[in-house]
Amino acid sequence: MGKLTVNENRNGFLKDGKPFFYLADTVWSAFTNITMDEWKYYLKKRREQGFNVLQINTMPQWDRCMSDTGLYPFATEDGQKFDFTKPDAAFYENARRMCEEAVREGFTPALVVLWLNFVPDTWGSKITDINVMPKELVQPYTERIVETFDEFDPVYFVSGDTDFETEEAVSYYRTALDVLRKKSPDSLKTCHIRRGYDVIPDELADGLDFYVFQSGHNRDAQDMAYILPQKLQEKYAKKPLVNAEPCYEQMGYSRNLYGRFTAEDIRKAAWHSILSGASAGVTYGAHGIWNWMKTGKPANPMLGEGFDTAFTCQQALEFPGAWDYGFIRDYMEQKCITQLIPAQQLVLNKSPEIRAAHTPDKKLYLIYIPRVTKIVLDTKFEDAAVRVYDLDGRRTARCGLSVQNGHTVVDMHPFQKDALMEITVTI
C-alpha cells in the first residue's frame, strides 16, 4: 500500500521513498452515502483524472445529502441523531471494503475522526448540538477508528472544519490525537480547521505532522488562498502545508449568496495556495460529490453553512475542473518540483492576485496570472526562456522578455483567461 511520510526538509511528502504530491478529492459523505457499485465507478474516474488521496468523514457528514444505503456508524432511528454507545458493525465492515477498493486503485485515505458538530463549543455544535459525543466516549471511538482503518495506511484528520474557542473543545481533539499517536504512531496526522482560520493550539500543533487550511467558499474572501499559508508559515514550526478545502466547483457561495464558483475560480485558489507556500499539495471539491447528491432524495434538514442546490453526483463527477487539478499534479511531478519558495516581492504588478514562486535553486520561476497583462519583475533575467500555459484551453505559448531600467518585462501572452507562466533561467 505505502505509507505517507514527511520528507527530510519538512516541506512535502514521500510515498515509498519517492516524492508525493498530495492531490485529494473531497468525498466527505462516502461511507454513509455511496453504494459499492457507485464507489467503484467513482474511483475509476478519479484515478483517471490523477487524484491520489480521498478525504472522507468517518462520521455522517452533517450537511450531506440524504442517503439510501441505510448505513450509519451508530444506532439511529432517523439517520440524524445517533446513540454513540451502540456502534454498528455493518457500517465499519462496509467502510473497510470501500478503503480496500480505494487502496487497490492507488488512493491514500485521509480520514476525519471528529467533525466539528460532534464536539462541544465549536461553531457547528452551536448550530446543532443533537450529536455532541459524550467526552468519555472519544477515546474508545478513536481506538475503533484506528482498529478499523489503520491497515490501509491512512492519513488522519483529527478534526473537521473546526475552531478551538474553548478548552473543552480542545480537550476532545487532544484526546483523539493522543490515541492516534499511541495506537498509530507512524501515520501522518493533521487538523482540518474552519474557513479563514489560522489558529492551532500549541498542544495540538506540536503533535501534527503537517498543516492544512481552508480558504473556503465565501465569495468575498478568496484571498484566503494566499493569506492563510503565509500566516501559518509565520506562526508555526516548519511542516508541509496543504489547502484542504478551497472553493468547490459549482458550489454556491456560502450563506446562500447568489452565484457559483467556476473551474476558473478553483484553479485560481489552487495556484494561489501552491505559489504562496502550500506546495505540498491541494484538494479539489465538486458540489454534488462531497455531499453525494442523488436524484429524488429528500433535503437534509441540517444545512450547515447554506449553499445553493447541488448537482447530482453523476453530473458533478464530470465537472471540468477535476482535470485542471490533475494537470497541477502532472506539472509538479514532470518538472520534479518538490518545493516552491514564495517570491511575491519580485512582482511589480500591483495586483496581489498575481502570485510568484521559485524552486530552491532559482532556476525555475512560476507566476500565476489571472488576467493577461505584461509582467514586470524586480530582477534582471537576461538569459531566460518563457513558456506560458493556458490553464483553460490547454495551449502553450512562448513569450519574449527584455530588461528595462533594471527590471525584467515579460511580453503579454495571447490567452484570455488565467495562465501559468514558467521562466527557466540559465545560471
(message) Can you tell me which residue among Y325, W323, Y284 is in a ring pair (Phe, Tyr, Trp, His ring centres under 6.0 Å) with F51?
(response) Y284
(message) Ring-plane angle category for F84 and F82, please: parallel below 30°, perpendicular beyond 60°, tilted otherwise.
(response) tilted
(message) Between Y156 and D150, is there a side-chain donor-acceptor contact under 3.5 Å, judged purely by atom types and distance?
(response) yes
(message) Which residue is it: Y248, Y253, F307? I am looking for the one with a ring pair (Phe, Tyr, Trp, His ring centres under 6.0 Å) to F261.
(response) Y253
(request) Return yes when atom NZ of K239 has more than 12 non-hydrogen atoms of other residues, nucleotides or ligands closer than 6.0 Å, and no otherwise. (result) yes
(message) Regarding E151 and R96, does a basic nitrogen lie under 4.0 Å from an acidic carboxylate oxygen?
(response) yes
(message) Could you tell me if R329 sits above the aromatic ring of F21, with its cationic atom closer than 6.0 Å to the ring centre and no more than 45 degrees from the axis?
(response) no
(message) Are F149 and F31 an aromatic pair, judged by ring center distance below 6.0 Å?
(response) yes
(message) For a quick check under 3.5 Å, do T262 and D265 share a side-chain donor-acceptor pair by atom type?
(response) yes
(message) Assess whether a salt bridge exists between E234 and K231, defined as any Lys/Arg side-chain N lying under 4.0 Å from an Asp/Glu carboxylate O.
(response) no
(request) Just say parallel, tilted or perpendicular for the rings of F13 and Y22, cut-offs at 30° and 60°. (result) tilted
(request) Output yes when K44 and E48 qualify as a salt bridge under the 4.0 Å nitrogen-oxygen rule, no when they do not. (result) yes
(request) Answer whether the closest heavy-atom distance between the side chains of E333 and L23 falls below 4.5 Å. (result) no
(message) Tell me whether K182 at atom NZ has more than 12 heavy atoms from other residues, nucleotides or ligands lying less than 6.0 Å away.
(response) no
